[in-house]
Visitor: 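After the C-alpha coordinates below, expect a handful of questions from me.
Hydrogens, waters and symmetry mates are skipped; everything else that's a heavy atom, side chains included, is used.
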Amino acid sequence: MNLNQIVNMVIKTVTRRLVNWGVNKGMDLAARRGTGGTAVGATPAQAKQDNAAREAAKRARQAAKITRRLR
(Lines give C-alpha, C1' and ligand atoms only; values in the text may rest on other atoms or scores of the structure.)
Protein backbone atom coordinates (compact mmCIF):
# COMPACT_ATOMS: atom_id res chain seq x y z
CA MET A 1 0.00 0.00 0.00
CA ASN A 2 1.55 3.27 -1.05
CA LEU A 3 1.25 6.72 0.49
CA ASN A 4 -1.30 7.89 -2.10
CA GLN A 5 -3.73 5.10 -1.20
CA ILE A 6 -3.37 5.80 2.51
CA VAL A 7 -4.01 9.53 2.04
CA ASN A 8 -7.05 8.83 -0.15
CA MET A 9 -8.46 6.42 2.43
CA VAL A 10 -8.05 8.94 5.25
CA ILE A 11 -9.58 11.77 3.20
CA LYS A 12 -12.58 9.60 2.20
CA THR A 13 -13.18 8.56 5.81
CA VAL A 14 -13.02 12.12 7.13
CA THR A 15 -15.22 13.43 4.31
CA ARG A 16 -17.81 10.67 4.85
CA ARG A 17 -18.02 11.42 8.57
CA LEU A 18 -18.34 15.16 8.00
CA VAL A 19 -21.08 14.71 5.41
CA ASN A 20 -22.98 12.27 7.64
CA TRP A 21 -22.70 14.69 10.56
CA GLY A 22 -24.01 17.54 8.40
CA VAL A 23 -26.91 15.48 7.08
CA ASN A 24 -27.92 14.41 10.59
CA LYS A 25 -27.74 17.99 11.88
CA GLY A 26 -29.79 19.23 8.94
CA MET A 27 -32.44 16.57 9.42
CA ASP A 28 -32.70 17.39 13.11
CA LEU A 29 -33.01 21.09 12.31
CA ALA A 30 -35.70 20.41 9.72
CA ALA A 31 -37.59 18.25 12.22
CA ARG A 32 -37.66 21.05 14.80
CA ARG A 33 -38.10 24.01 12.44
CA GLY A 34 -41.23 26.11 12.68
CA THR A 35 -42.50 24.81 16.01
CA GLY A 36 -39.56 25.63 18.26
CA GLY A 37 -39.71 22.16 19.75
CA THR A 38 -42.40 20.79 22.01
CA ALA A 39 -42.97 23.63 24.44
CA VAL A 40 -44.85 23.46 27.72
CA GLY A 41 -47.82 25.33 26.23
CA ALA A 42 -47.83 23.38 22.94
CA THR A 43 -51.15 22.08 21.74
CA PRO A 44 -51.57 18.33 21.24
CA ALA A 45 -51.60 18.90 17.47
CA GLN A 46 -48.22 20.65 17.61
CA ALA A 47 -46.76 17.91 19.80
CA LYS A 48 -48.06 15.26 17.40
CA GLN A 49 -46.56 17.13 14.43
CA ASP A 50 -43.20 17.44 16.23
CA ASN A 51 -43.14 13.71 16.95
CA ALA A 52 -44.04 12.89 13.35
CA ALA A 53 -41.23 15.12 12.06
CA ARG A 54 -38.72 13.51 14.41
CA GLU A 55 -39.82 10.03 13.33
CA ALA A 56 -39.50 11.04 9.67
CA ALA A 57 -35.98 12.34 10.31
CA LYS A 58 -35.10 9.12 12.11
CA ARG A 59 -36.39 7.02 9.21
CA ALA A 60 -34.42 9.16 6.74
CA ARG A 61 -31.22 8.64 8.74
CA GLN A 62 -31.85 4.89 8.89
CA ALA A 63 -32.46 4.76 5.14
CA ALA A 64 -29.24 6.68 4.50
CA LYS A 65 -27.34 4.29 6.75
CA ILE A 66 -28.75 1.23 4.95
CA THR A 67 -27.93 2.77 1.59
CA ARG A 68 -24.33 3.36 2.66
CA ARG A 69 -24.04 -0.30 3.74
CA LEU A 70 -25.18 -1.56 0.34
CA ARG A 71 -22.31 0.11 -1.52
Visitor: Could you give me the CA-CA distance, side-chain angles and deciding distance for Trp21 and Arg17, then say whether side chain to side chain contact (heavy atoms under 4.5 Å, CB included) is met?
Guide: CA-CA 6 Å; Trp21 178 81; Arg17 288 187 182 189; over 6 Å; no

Visitor: Looking only at side-chain N and O atoms, does Asn20 offer a donor or acceptor that is under 3.5 Å from a partner on Arg61?
Guide: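 Asn20 and Arg61 do not have a side-chain donor-acceptor pair below 3.5 Å.
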
Visitor: Please find the pair of heavy atoms, one from Ala60 and one from Met27, that lie closest to each other, and give the distance.
Guide: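 Scanning both residues completely, I find the closest heavy atoms to be CB-CE, 3.4 Å.
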
Visitor: Rounded to the nearest 0.5 Å, how far does CG of Asn24 lie from CG of Leu29?
Guide: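 Reported to 0.5 Å precision, the distance equals 12.5 Å.
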
Visitor: Please report the interatomic distance NZ(Lys12) to CE(Met9), rounded to the nearest 0.5 Å.
Guide: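 If we round to the nearest 0.5 Å, Lys12:NZ and Met9:CE are 9.5 Å apart.
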
Visitor: Nearest 0.5 angstrom please: Ile11 CD1 to Ile6 CD1, how far?
Guide: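 Answer for the CD1-CD1 pair, Ile11 versus Ile6, is 12.0 Å.
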
